[in-house]
Amino acid sequence: MRCLIPVFAALLMLTAQAVELIAGPMAGPPTMRGVTLWLQADAEARASIEYWPEASPNARRRSAAMALKADEQFVGKVTLFGLEPGRRYGYRVLLNDKPASKATFAFATQVLWQWRKDAPDFTLQAGSCNFGNEPGYDRPGKPYGDRHLSIFSTMAAQKPDLTLWLGDNLYFREVDYSSPEGMAYRWQRDRSQGYLQPALQVGAHAAIWDDHDYGPNDANKSFVFKGEALKLQQRYWANPAYGLPETPGAFTTFSFNDVDFFLLDNRTYRDDPRMPPSPDKAMFGPSQMAWLKNALLQSTAPFKIIAGGSQMLNKGERGDSWADYPAERDDFLRFLQDTRVDGVMFMSGDVHRSELIRKTREGMYPLHDLTCSALTSGVYRDEKLLERPDLVPGTLVMGERNFCQLRFEGGKANRQAVVRVLNDLGEVKFEHVITAQSLKAPKAK
């Protein structure tokens, strides 16, 4: 029996060494003193992070180890705290106390700029509708996701500080959304694809969802597995929070320099758009809307980005829209008018084209809705879309894969967002500037 002990020990060592990192690492939105790092392995392991200030590579620290478990698909989130504001840190992932790869990665904490200097410039990227083909489960015919997967390397090459995933970040198939196990399979399979990793490993990331990464096509609040869908959203993203204790959901808010982001959940409380009109018909629901209104009033940011999976201001022939819920939307627009909240911009995805919509308001600044789509899913063209009066001229991108980029730059007196759309080759398709001054309510007479 004694002779078997070294054999068992050797087998255990080989098993430990065989664990590999299959997705990530990916950083969530950092604070001034901390960050959460997401990762996924291919088997059970102990995961930890070794990290150091890039300016002092010998000052290395290691996080506590956490167990990557089979019932959580070997996903882990390691939160680092006690960091210094405005620093870049290098790090590497350890699995069972061994480096998971030769590569090292980096994240940056936010700068403590308030009361000291102008907010730092930074770059935000955004996109939606990522369809990863899987023969045997895709619909017959031409693969919907096509062959434009290099877009993620193009996005990574831009070196964004923050990436915002605007929903349909993967597509559940018919074989997936009929069970929690199928939904979990889709997340594990699609997140581990090699082409996605370059984008995940650069900058910080936050996400909302839409119908295809929540449930079936056009899914509403009746989806019986929406609780499981939320658990998977929480598992696979590192958002700072998900809903409120009294209102479960995928919505949250966070600040990145002088921009406040309000991420909305357009599915958990959504009535079907075909429901008859009524004052109670809702996309977001009264509790989430009450939270959003209070959060906006709390914000002092010159740019307040409200992100939803469906278009917020535009109603086209294709795609969902908040316009299908006029009582809820009109109430919110009246709230913005009455309270004279500065700096509001909308962002959305879903409709497989990118564009900038601008709605004028009497006695107030115009509202913009920037739509960013599609990353890898199908695209289409419709020349009639050019005829809409609210479309900012030259900003419609259709018929090709693309993503949005917003560069927030300039001092407090001339802060602006430079809005661009780039295609999968990195070519700039349009550029439009929105100044913080143009998003201020006129002074009351």
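On a predicted model such as this, the values are computed, not experimentally measured, just so you know.
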Name all residues meeting the ring-ring contact (aromatic ring centres under 6.0 Å, His included) criterion together with Phe332; count only those two or more places apart in sequence or in a different chain, and write none if there are none.
->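 Result, ring-ring contact (aromatic ring centres under 6.0 Å, His included) vs Phe332: Trp322, Phe335.
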[X] and [Y]: side-chain donor and acceptor closer than 3.5 Å?
| X | Y | answer |
| --- | --- | --- |
| Asp324 | Ser321 | no |
| Gln311 | Glu355 | yes |
| Asp280 | Ser278 | no |
| Ser299 | Asp260 | yes |
| Asp390 | Asn314 | no |
| Ser150 | Ser153 | no |
| Ser354 | Thr371 | no |
| Asp168 | Ser128 | no |
| Gln188 | Tyr236 | no |
| Thr376 | Asn130 | yes |
| Ser48 | Arg62 | no |
| Trp237 | His205 | no |
| Asp118 | Trp113 | no |
| Gln40 | Arg191 | no |
| Gln125 | Gln158 | no |
| Ser310 | Asp350 | no |

Intermediate values then yes/no, ring pair (Phe, Tyr, Trp, His ring centres under 6.0 Å), Phe122 and Phe256 = CA-CA 9 Å; Phe122 75 96; Phe256 202 97; 4.9 Å; yes
Assert yes or no for the condition that the ring centre distance of Trp52 to Tyr89 is strictly below 6.0 Å.
->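 Between Tyr89 and Trp52, which both carry aromatic rings, the centre distance is not below 6.0 Å.
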Ring geometry between [Y] and [X] (parallel below 30°, tilted from 30 to 60°, perpendicular above 60°):
| X | Y | result |
| --- | --- | --- |
| Phe172 | Trp187 | perpendicular |
| His212 | Tyr171 | parallel |
| Trp165 | Phe152 | parallel |

Passes ring pair (Phe, Tyr, Trp, His ring centres under 6.0 Å), Phe225 versus Tyr177? Steps please.
-> CA-CA 8 Å; Phe225 297 130; Tyr177 55 68; 9.5 Å; no
Ring-face cation of Arg33 near Phe81 (centre distance under 6.0 Å, axis angle within 45°) =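 Flagged: Arg33 positioned over aromatic ring of Phe81.
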Decide yes or no on side chain to side chain donor-acceptor pair (under 3.5 Å) for Thr123 and Arg407, but give the supporting numbers first.
-> CA-CA 5 Å; Thr123 299; Arg407 177 69 179 173; 2.8 Å; yes
Residues that Cys404 engages under disulfide (SG to SG under 2.5 Å), provided they are two or more places apart |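 So Cys404 forms a disulfide (SG to SG under 2.5 Å) with Cys372.
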Interatomic distance, Arg274 atom CZ to Asp272 atom CG [nearest 0.5 angstrom] |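 Taking CZ in Arg274 and CG in Asp272, the distance rounds to 4.0 Å.
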